Amino acid sequence: MFRPDLRGKPVVVLSNNDGFIVSRTREAKALGIPDLAAYFQVEDLLRKHDVAVFSSNYPLYGDLSARVMTTLKSFSPNVEVYSIDEMFLDLDGIRTDLSTIGHDIKDTLWSHIRIPVGVGIAPTKVLSKLANRAAKAIPKANGVCVLDSPFKQQWLMQRMPVIKVWGIAKRLAIRLEAMNIKTAWDLANANPKIVRRCTSVCVERIIQELNGIPCLELEDEPGAKKQIYCTRSFEHKTTDLQPILNAISLYAARAAEKLRQQSHLVRTIHVFLHTSPFAPGYFDKAITVQLPYPTDDTRIITQQAKSAIAALYQPGHLFVKAGIGLIELLDKKFHQHDFWQQPQSAGNNSLMQVVDRINQRHGKGKIFLAAQGMSTPWAMRQCHRSPEYTTKWTDIPCVSA
DNA sequence: TCTGGGGTCCTAGGACCC
DNA sequence: TCTGGGGTCCTAGGACCC
């Protein structure tokens, strides 16, 4: 959208920390750049072919995603935002020709936002994911695929390896292969009960869905998270405890912030610390901690996370990553207090509210616990970050006369 | 030098209850 | 000779998604 000069050129996007390649344009794929390759391993190849490289920029993607979703919502009252770049729309009962709607959706998004999309329409979620794949892969489809007849479904499924089916990945594909199930069509025609016995109920549902029998509902209410994690690799590996304590304090604060956003309390946390799995002598330890009482207070969660890290830490290892998970959550509204235990005081609540409000108004991390430290040795590597064109005053593009 | 950061659901097995 | 039948909850690990 903001770099039309790159249209038709090879472009790749890197994971957090510029770790590896998570997204490629068609042109980059054609150059033989593999998916999920470690960046440093293909850097020369990228340079040789003059591939444009971008670090992940979630504020930008999140904002553009929200625009797309808002536009999509005008096409159906029932929608599920499935991920940052996918949405399911319930078209049940809509009388217009489905192919017309598909093209309308696609054209509207292009003209309003300049985001190209693929549209797949089918009786179930699994089939619509298949249709979406076809919409993008088959040039003649022109970005829209409607799987409205058994014949079309069969044609597509016979050409689709089973591993491309939504919900089937490497391990399941291996097991299915052993049962002589190689394509989506084979799976659709397999006996659901027998397959279930060798795999799980998930695969049984997929089989039903492939046959046009809905098993997966549209989840229009996103619902509160059941677990909240904050984990990061460090920019620089470290053998010292102090920078790790600072880092885990930051992660704990981030996680607590998310926790308060959904009005939950946490009772149990999970803290881990590890070295590089690619280096010899891999060290990976984790600890689960029961908090003294359910809380959403950053200070308490931070304290507990720090003690956990201190307990896990052993000198002599080169650590690359740590993280915290809030794993047992309670709805604040329905929290049953313990007669014998101190609950979180009202003062804590107000304090956290003030902290959140300041950070919302004046920018993330404006006010924080000293435990995080003043330097940021854990910062992310992002050498090729694009501007935040739509969410940062200084990055807004200028139009010159 | 260098390999992400989130999540969900399911299952098996253990431990326990009456 | 012979040892039931029906449950729950918890946890670790596996598998998948983006």
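So you know, we letter chains A, B, ... as the sequences are listed, proteins then strands, and number each from 1. Predicted model, so just to flag it, every value in this text is computed and none were measured.
In the set B/dC10, B/dC2, B/dG7, the nucleotide with an atom closest to the side chain of A/K237 is B/dC2. Distances were taken from every side-chain heavy atom of A/T231 (C-beta onward) to each of B/dG4, B/dG6, B/dC9; the shortest belongs to B/dG6. Each of B/dT3, B/dG6, C/dC16 was ranked by its minimum atom distance to the side chain of A/C230; first place goes to B/dG6. Among C/dC17, C/dC18, B/dT3, the nucleotide with an atom closest to any side-chain atom of A/A169 is C/dC17. Closest contact between the side chain of A/S233 and the listed nucleotides C/dC17, B/dG4, C/dA15 involves B/dG4. Listed nucleotides C/dC17, B/dC10, C/dA15 differ in distance to A/V201; the shortest reach to its side chain belongs to B/dC10. In the set B/dG5, B/dC10, B/dC2, B/dC2 carries the atom at the smallest distance from any side-chain atom of A/F40. Distance from the side chain of A/K225 is smallest to B/dT8 among C/dA15, B/dT8, B/dG4.
Between A/R205 and B/dC9 there is no side-chain N or O to OP1 or OP2 distance below 4.0 Å. At the phosphate of B/dT3, neither OP1 nor OP2 sits under 4.0 Å from any side-chain N or O atom of A/S276. Look at A/K129 and you'll find a side-chain N or O under 4.0 angstrom from OP1 or OP2 of C/dC18. Contact check, A/R232 against B/dG5: no side-chain N or O comes under 4.0 Å of OP1 or OP2. Here A/R381 does not reach the OP1 or OP2 of B/dT1: none of its side-chain N or O atoms lies under 4.0 Å away. Taking 4.0 angstrom as the limit, A/K321 places none of its side-chain polar atoms (N or O) nearer than this to OP1 or OP2 of B/dT3.
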Please step through side-chain hydrogen bond (donor to acceptor under 3.5 Å, both in side chains) for the pair A/N16 and A/S56, ending with a clear verdict. CA-CA 6 Å; A/N16 274 335; A/S56 289; 4.7 Å; no

Apply side-chain hydrogen bond (donor to acceptor under 3.5 Å, both in side chains) to the pair A/Q382 and A/S55, showing each step before the final yes or no. CA-CA 5 Å; A/Q382 289 188 312; A/S55 305; 5.7 Å; no

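Nearest-nucleotide mapping onto DNA chain B: of A/V320 and A/K226, the residue sitting toward the 5' end is A/V320. Nearest-nucleotide positions on DNA chain B place A/F278 closer to the 5' end than the other of A/R196 and A/F278.
Using a 4.0 Å heavy-atom cutoff across all strands shown, A/L36 reaches no nucleic acid atom at all. Here A/Y82 lies in heavy-atom contact (under 4.0 Å) with sugar-phosphate atoms only. Using a 4.0 Å heavy-atom cutoff across all strands shown, A/F20 reaches at least one base atom of the nucleic acid. Contact annotation for A/I228: backbone-only contact, meaning every heavy-atom pair under 4.0 Å involves sugar-phosphate atoms and none involves a base. At the heavy-atom level, A/L14 lies nowhere under 4.0 Å from the strands shown. Across all strands shown, A/D18 has no heavy atoms under 4.0 Å from either base or sugar-phosphate atoms. As judged by a 4.0 angstrom heavy-atom cut-off over every strand, A/E86 is placed among residues touching the sugar-phosphate backbone only. Across all strands, A/R175 comes closer than 4.0 Å only to sugar-phosphate atoms, never to a base (heavy-atom distances).
A donor-acceptor pair is defined here as one N or O able to donate and one able to accept, closer than 3.5 Å; such a pair exists between the side chain of A/H49 and the backbone of A/L45. No donor-acceptor pair closer than 3.5 Å links the side chain of A/E80 to the backbone N or O of A/D220.
At a cut-off of 3.5 Å, with distance as the only test, no side-chain donor of A/S76 or A/D90 sits close to an acceptor on the other residue.
Once the 5.5 Å centre distance and the 30° plane angle are applied, the aromatic ring of A/Y39 is found not to be stacked with the base of B/dC2.
Both distances falling under 3.5 Å, in either a Watson-Crick or a G-U wobble arrangement, place B/dG7 opposite C/dC16.
Ring orientation note: the planes of A/W166 and A/Y82 are nearly perpendicular, at an angle over 60° on the 30°/60° scale. Ring geometry, A/F319 versus A/H317: the interplanar angle falls from 30° to 60°, so the pair is classed tilted.
Here C/dA15 presents its P atom at 19 Å from CD of A/E204, a figure rounded to the nearest Å. Nucleotide B/dT8 holds its C1' atom 8 Å from the CD atom of A/Q227, rounded to whole Å. Rounded to whole Å, atom C1' of C/dC10 lies 14 Å from atom CZ of A/R267. Computed from coordinates, the A/E328 CD to B/dT8 P distance equals 14 Å when rounded to whole Å. One interatomic measurement links the two molecules: CZ of A/F234 to P of B/dT1, which rounds to 20 Å at whole-angstrom precision. Regarding A/F272, its CZ atom lies at a distance of 16 Å from the P atom of C/dA12, rounded to whole Å.
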